[in-house]
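Report on one structure; see the data block that follows.
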Amino acid sequence: MEGLSPISPPLLSSHKRTVAFTTPLNYAGRLSHLLQLKGWNPLWCPTIIVQPSRPTKASIQFFLSKKDDDERTTPLEDFSAIAFTSRAGILAFWETLMETEKTPLQAHAENFTFTVSALGKDAELLNEDFLSKLCKKPDRIRVTVPGAATPTGLVESLGLGGGRRVLCPVPLVVDLVEPPVIPGFLSDLALRDWVPVKVHAYETRWAGPRCAERVVSVKRRHRRSEEEEGLDLDAIVFTSTGEVEGLLKSLRELGLDWRMLKERCPGLLVAAHGPVTASGAESLGVAVDLVSSRFHSFEGVVDALALTWNTTT
C-alpha cells in the first residue's frame, strides 16, 4: 500500500478499547488524536487513497491561468462561486493556486462578490492566505459555511443561482464506484438555478487488496487457547462510502466478507460520520449502529461512541 509501512499485527494495550478507522491520510491524524484523548487504541486501516495527480492539477490550473484571448482574465472570472465538498478538494486547489504567479480573480470586476463555500471544519482552510492568493482584494470574496455540514446544506448556503456558474472541485474516483453524493450535489445545484461545472481536483482510489489486513489481524487479547479464533476490535468508524467499499473489496480479496468479520467481532460497533456515510454503508450491506448528529467535525462521531459505551457499561 502506498505511503504505509509493511503491515503487521499492531501491538495494542490490553486494557483499552480498540477503534479501527478507515480514513485516508489527510484525515487520519485528526481522528487518531481524538480517539487517543478518549483513552482508546486507534487502529488506522486506510481503505482509500486520496491525492492529487498530474491530470487533476492540470484540470485546476486551467481555471486559474490567463485566457489565450484575454491576458487580463482567467476562466475563473466567468464563475460566481466555488463549492468545496471536501477538505481534500480545498487542499488540492490550494496546492495549485500556490503555483500561480498572479491572483486568478481581479480586485475589481463587474461581478463584485465571489462566493467560496465549504463544510464544517474544512472551512478553516479558507483563511486569509487562501483568500488573498485567490484575489488581491479579499473583501470581494464572501465565505459561506452551512449550518448542516452536508452537500445539501452547501447548496442551500449558496442560495439561488440565477443562472450563474459555480465551480465544483470533486474527486476522480478510481477502482471504486462513484457514490451518488456527488451527482446528487450537482443535480441539486442545477435545481437551484446554478450552472455547476465539475472539475476533478484529486483522485480517490482503492488502497489495494491488502488494505483490510490490519483489521483482520487484531487478535483477541484474552483467548482461552491459541486455537481460539476471534478479533479484539470494539468499533470501526467510517467517514465516507468509499471507505466502506474499499474495506469490503479487500475482505473479498482476503477470502472474507462483512458477515464473517462481524462473526469474528461479536461486539463490534459500526459508527458513521454523518447520515450520508451511514446511507452509503447501508446500501453496501453494512448495518450502522450509530450515526453522528454533529458531523461538522470528527468530535461528533467520537463523542457518540463514548456516549454509547458509557450508557451500556
Side-chain angles (χ1 to χ4, degrees), residues 23-27 30 48 50-53 56-57 59-64 74-100 103-105 113-135 138 140-159 161 164-173 178-179 181-190 192 194-204 239-242 273-274 276-277 295-298:
T23 62
L25 178 62
N26 54 323
Y27 291 116
R30 290 168 54 201
I48 59 174
V50 172
Q51 59 188 15
S53 64
T56 61
K57 288 182 179 180
S59 297
I60 297 173
Q61 187 64 54
F62 168 79
F63 294 96
L64 306 181
T74 66
L76 192 61
E77 286 285 7
D78 297 331
F79 291 78
S80 297
I82 305 174
F84 290 107
T85 58
S86 70
R87 188 179 190 87
I90 300 175
L91 291 172
F93 193 92
W94 169 247
E95 183 177 323
T96 305
L97 184 62
M98 285 292 290
E99 297 173 358
T100 60
T103 57
L105 294 178
T113 302
F114 189 94
T115 302
V116 182
S117 190
L119 299 173
K121 280 192 170 293
D122 295 348
E124 294 175 354
L125 296 176
L126 304 178
N127 53 28
E128 184 178 349
D129 290 340
F130 185 100
L131 300 180
S132 61
K133 185 64 177 176
L134 191 62
C135 181
R140 180 187 168 190
I141 300 173
R142 177 175 68 106
V143 176
T144 65
V145 184
T150 64
T152 300
L154 197 62
V155 173
E156 293 175 352
S157 74
L158 289 170
R164 292 173 296 165
R165 305 176 83 195
V166 53
L167 188 64
C168 305
V170 298
L172 173 63
V173 181
E178 183 179 52
V181 60
I182 294 300
F185 169 65
L186 299 175
S187 177
D188 288 345
L189 282 169
R192 299 280 284 179
W194 284 96
V195 179
V197 176
K198 179 172 68 173
V199 55
H200 288 137
Y202 59 96
E203 292 184 355
T204 295
T239 66
S240 73
T241 303
H273 176 56
V276 174
T277 300
F295 42 88
H296 63 282
S297 70
F298 290 144

Quiz item: Does CD belonging to Glu99 count more than 12 external heavy atoms closer than 6.0 Å?
Solution: yes

Self-check item: Closest non-hydrogen atom pair, Cys168 against Pro196
Solution: SG-CB, 4.1 Å

Self-check item: Thr204 side-chain N/O to Pro171 backbone N/O, donor-acceptor pair under 3.5 Å
Solution: no

Practice problem: Give the minimum heavy-atom separation between Leu186 and Lys198, together with the two atoms involved. | Solution: CD1-CD, 4.0 Å

Quiz prompt | For the student: nearest non-hydrogen atoms of Ala123 and Val145, plus distance | solution = CB-CG2, 3.4 Å

Self-check item: Euclidean distance, Thr23 OG1 relative to Phe298 CZ, rounded to 0.5 Å
Solution: 6.0 Å

Quiz item: OG of Ser117 to CD of Glu156: how many Å apart, nearest 0.5 Å?
Solution: 11.0 Å

Practice problem: Please round to the nearest 0.5 Å and tell me the distance separating atom OG1 of Thr100 and atom CD1 of Ile60. | Solution: 11.5 Å

Quiz prompt | For Leu134 against Leu97, the heavy-atom pair lying closest together | solution = N-CD2, 4.1 Å

Practice problem: Take Val50 and Glu203, measure what side-chain contact (heavy atoms from CB on, under 4.5 Å) needs, and give me the verdict at the end. | Solution: CA-CA 6 Å; Val50 172; Glu203 292 184 355; over 6 Å; no

Exercise. Taking the side chain as every heavy atom from C-beta outward, state whether Glu128 and Pro138 have any atom pair closer than 4.5 Å.
Key: no

Quiz prompt | Evaluation steps, side-chain contact (heavy atoms from CB on, under 4.5 Å), between Val166 and Thr115 | solution = CA-CA 9 Å; Val166 53; Thr115 302; over 6 Å; no

Quiz item: Of the non-hydrogen atoms in Ser86 and Tyr202, which two are nearest, and what is the gap between them?
Solution: OG-OH, 2.8 Å

Quiz item: From Arg140 CZ over to Thr113 OG1, what is the distance, rounded to the nearest 0.5 angstrom?
Solution: 8.5 Å

Quiz item: Hey, are the side chains of Val199 and Phe93 touching, using non-hydrogen atoms and a 4.5 Å cut-off?
Solution: no

Quiz item: Side chains of Arg142 and Val116: closer than 4.5 Å at any heavy-atom pair?
Solution: no

Quiz prompt | Atom of Trp194, atom of Arg164 and distance for their closest heavy-atom approach | solution = CE3-O, 3.4 Å

Quiz item: CZ of Phe63 to CG of Leu167: how many Å apart, nearest 0.5 Å?
Solution: 5.0 Å

Exercise. Check whether any side-chain heavy atom of Leu125 sits under 4.5 Å from a side-chain heavy atom of Phe84, and report yes or no.
Key: no

Self-check item: Point-to-point distance, once rounded to the nearest 0.5 Å, from CG of Leu119 to CG of Leu154
Solution: 5.0 Å

Quiz item: Ignoring hydrogens and geometry, is there a side-chain-to-backbone donor-acceptor pair from Thr56 to His200 under 3.5 Å?
Solution: no

